[in-house]
2 protein chains.
Amino acid sequence: MNQRQQELLDRLNRTGKTVIEAEAEHFGVASMTIRRDLRFLEKNGLAVQTKKGAIPKPKIYAAPLNMAEDSAVKRKIAAKLLEMIEPSSTVLLSTGTTTLTFARLLAQQNLPLTIITNSIPIASALFQTRIKVILIGGELRTTSLDLVGPAAEKYLSEYHIDLLVTGCDGADAQQGFYTSDLNLANLEKLSAKVSDKVIVITESRKFGRKALVKFAEIADVDAIITDNHLKAIDRELITRKGVEVFTT
Amino acid sequence: MNQRQQELLDRLNRTGKTVIEAEAEHFGVASMTIRRDLRFLEKNGLAVQTKKGAIPKPKIYAAPLNMAEDSAVKRKIAAKLLEMIEPSSTVLLSTGTTTLTFARLLAQQNLPLTIITNSIPIASALFQTRIKVILIGGELRTTSLDLVGPAAEKYLSEYHIDLLVTGCDGADAQQGFYTSDLNLANLEKLSAKVSDKVIVITESRKFGRKALVKFAEIADVDAIITDNHLKAIDRELITRKGVEVFTT
DNA sequence: CAAATAATGTTATTTTTTAACATTATTGAA
DNA sequence: TTCAATAATGTTAAAAAATAACATTATTTG
C-alpha cells in the first residue's frame, strides 16, 4: 500500500466515505487512479465501493450485529413499543436481537432518554444520538458481545429504573419466560427487581418453546408486546393473569 | 415500507448484500423498481447502495474504531510492551489509540490473560480470543466509544490489578502526563491507585504537548515505552526520577 | 545506464444509473 | 359501485460512471 492509498484510507475512515472525483482532485491524479486505489482497498477488505466512491468496510462488530436480522416482525414489535416510551425516562434495555431492533429504531428518533444496557451492539447503535447511554460493566460473553456475571449484577443493583424492556429465548403462557444462559437469567431477575415496570417484547413463535432457565413468571411483567400470530389461548391465559398483551 | 421492500431488506440483512438484477428477477419486477426500493432503504438509513446493489447500513459508527490508525510507530511500541507482559496476569488496558494497537497485537498471540478495559474497541478487538475480557461499565462517551464517569470509577474501585497500561494525550518530562478529558483523568488516577505497576505507552511526539488535565506525575509510573525519537534531555529527566524508559 | 517492471494517464466502449414520461394499480370520495 | 386522484411500477432515451485497453511516464534493478 503506497502513501496515497494510506492517506486515502485514513481520510475514508475519518469521514466515513469518499468520493472518487473529489479525491482525484485532492491528490491531483486521474480519477482512474483513485478507482484503482478503491479496488485495491476493497480487495484487501478495507473498503466497500459505493456508487461514486467508497465507505469503510464495516468492522469489528459487524458479524454479531448482523446476526440480529431486523425482521419485519421485530420492527413492528419495536414500533409498537416505541409508542409506549415516556420521554425523559430511564429504560433498561436488555441484550437480545429484538431489543437491538428497538434500539436501532430509537436511534432514528429524537427522544430524550437514558438507556442502560448490557449489550455492546445496543450501546453502539445508540452512539452519537441524543440518548444518554450507560453500559453495564461485566464479563464479556464470547457468543453475543454482551456483559453478564456477578460484577454486572453488582453494578446494576445500584440503579433505579423506570422501565425494563427485555426479550426472551422461550416463553410459556403458564410457566413464564426463559433464557438459555444462567448468568443472563440472574441478571434478568435482578433487572426486574430494580425496575418499576417490565415489558417483554418477543416474537410469538417463542411461545411454546422453553429454554434452559426460567427468569420470570408471566405475572412478574406488566405487559407483553408480540406479533399477531399469538394463539388465542395463550393470550387468554396471559390476560387472565392481569398482564396486558399488545400485538402488532 | 411495502411487502417487497420488507423482504428485500430481510434478504439483504441475512446475506449481507443484494444485487439489483438478481432481485428484480427474484421478485419478478423491473430493475427500476428495485433501484427505487434501494434508494428508499438508503434514505431510511437501512442500507447503503453499492455498485450494482446494496449492503446493509454499517451498524456502528466506524470512525472511532478506525481512528486508531495502527501506525508503524505504535505497532513497534506495542511489540515492546508485549515482551513485558506476564502470562496469567490481570492487565488494565485504558482507552486510547496506542493501547488499541496493543490490544490488536494481543489478539494475535495466545497468551492467557485477563484484560480489564473501559474501551469498547479494545473489548471488541479481544472478542473471541483466549483472553478473558472484563469491560468496565459507565457512561458512554460520544467521542470515542469508551466508558467513564462516577459509575465507572465505583466499578473499578473493587478490582485489584497487576499492571495498568495507559497512553496519554500529552506529556512533559518534568510535569507528568495529561489527558484532554476530566472524567477520564479521574478514572486514570483511580486506575493507577488500584494497580501494582503502571506502564505508559506513548509516541515520543506527545512529549512537550500538554493537554487539559494532568492525571499522573512522572514518578507515579514504573516505566514508559516510547519510540526512539524521544529527546535525550527528556530521557535524562525521566530516568533521574527513577522511571525506566524503553524505546523501540 | 538501460531494460524491465510498475504505476499512472487517456480515451473509446460498455455498463449502469438516472430522468422523464407512459402505463397500470390502488385509493377514496360521491 | 364508479370515477377521478394518487401512487406505484414499467419503459426507454439520455446522462453518467465504470471498465478495458492501450499509451505514457516513473521506478526499480541488474
Side-chain angles (χ1 to χ4, degrees), chain A residues 1-58 70-76 78-80 82-83 105 108 227-228 247-248, chain B residues 1-58 62 66 69-72:
Chain A
M1 175 151 30
N2 63 33
Q3 176 62 40
R4 184 190 56 248
Q5 289 163 334
Q6 282 276 11
E7 188 184 332
L8 186 60
L9 180 59
D10 280 357
R11 288 161 59 78
L12 172 59
N13 283 331
R14 231 173 303 122
T15 60
K17 72 166 190 171
T18 200
V19 176
I20 291 171
E21 289 305 330
E23 294 300 339
E25 189 161 352
H26 173 260
F27 286 104
V29 297
S31 63
M32 189 66 224
T33 299
I34 301 295
R35 286 177 193 284
R36 283 192 264 243
D37 287 346
L38 294 183
R39 272 185 216 170
F40 171 86
L41 292 178
E42 183 167 72
K43 203 154 72 182
N44 287 84
L46 298 165
V48 176
Q49 291 181 269
T50 60
K51 285 273 181 67
K52 300 170 195 182
I55 60 171
K57 171 95 173 200
D70 285 305
S71 76
V73 170
K74 284 176 184 171
R75 279 197 301 274
K76 279 184 189 165
K80 193 81 187 174
L82 185 61
E83 299 169 9
L105 180 61
Q108 293 175 352
D227 56 81
N228 47 25
T247 55
T248 56
Chain B
M1 176 150 33
N2 64 32
Q3 178 61 41
R4 185 190 56 246
Q5 289 164 334
Q6 287 273 9
E7 189 185 331
L8 186 60
L9 180 58
D10 281 355
R11 288 160 61 78
L12 173 60
N13 282 329
R14 233 174 300 123
T15 61
K17 73 166 191 173
T18 201
V19 177
I20 290 170
E21 289 305 330
E23 293 300 340
E25 189 161 350
H26 173 260
F27 286 104
V29 297
S31 63
M32 191 66 225
T33 300
I34 302 296
R35 287 178 191 284
R36 284 191 264 242
D37 287 346
L38 294 183
R39 272 186 214 168
F40 172 85
L41 292 177
E42 183 168 72
K43 203 155 73 180
N44 287 85
L46 297 165
V48 176
Q49 290 181 269
T50 60
K51 285 270 183 67
K52 300 170 194 180
I55 59 170
K57 170 94 174 206
N66 297 329
E69 321 120 36
D70 286 302
S71 76

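The model shown is predicted, which means the values in this text are computed figures rather than measured ones. Letters A, B, ... mirror the listed sequences (proteins, then strands); counts begin at 1.
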Fill in the blank from the handout: Heavy-atom nearest pair, A/K17 first then A/P56, reads N-CD, 4.4 Å
Handout entry: Residue-phosphate contact under 4.0 Å: A/R36 side-chain N/O, D/dA18 OP1/OP2
Key = no
Practice task
Check the distance between D/dA17's C1' and A/L38's CG and give it to me in whole angstrom.
Solution key: 13 Å
Problem - Atom pair distance, as rounded to whole Å: NZ in B/K52 and P in D/dA16 - result: 21 Å
Problem - Spacing between B/F40 atom CZ and C/dT18 atom P, to the nearest angstrom - result: 17 Å
Practice task
Check whether any side-chain heavy atom of B/L46 sits under 4.5 Å from a side-chain heavy atom of B/M1, and report yes or no.
Solution key: yes
Problem - Side-chain touch A/I20/A/R35, heavy atoms, less than 4.5 angstrom - result: yes
Problem - Spacing between A/D37 atom CG and D/dT19 atom P, to the nearest angstrom - result: 14 Å
Handout entry: For atom NZ of A/K51 and atom C1' of D/dT19, their distance in whole Å
Key = 18 Å
Practice task
Take atom CZ of B/F27 and atom P of D/dG10, then tell me their distance rounded to the nearest Å.
Solution key: 12 Å
Handout entry: Whole-Å distance separating the CD1 atom of B/I34 from the C1' atom of D/dG10
Key = 13 Å
Practice task
Check whether any side-chain nitrogen or oxygen of A/R39 sits under 4.0 Å from OP1 or OP2 of D/dT19, and answer yes or no.
Solution key: yes
Exercise for the section: Tell me whether the OP1 or OP2 atom of D/dA8 has a side-chain N or O from B/T33 closer than 4.0 Å. Expected result: no
Handout entry: Distance below 4.0 Å between A/R4 side-chain N/O and C/dA7 OP1 or OP2
Key = no
Fill in the blank from the handout: Rounded to whole Å, CE of A/M32 lies from P of D/dT19 at a distance of 7 Å
Problem - Non-hydrogen side-chain atoms of B/H26 and B/I34 separated by less than 4.5 Å - result: no
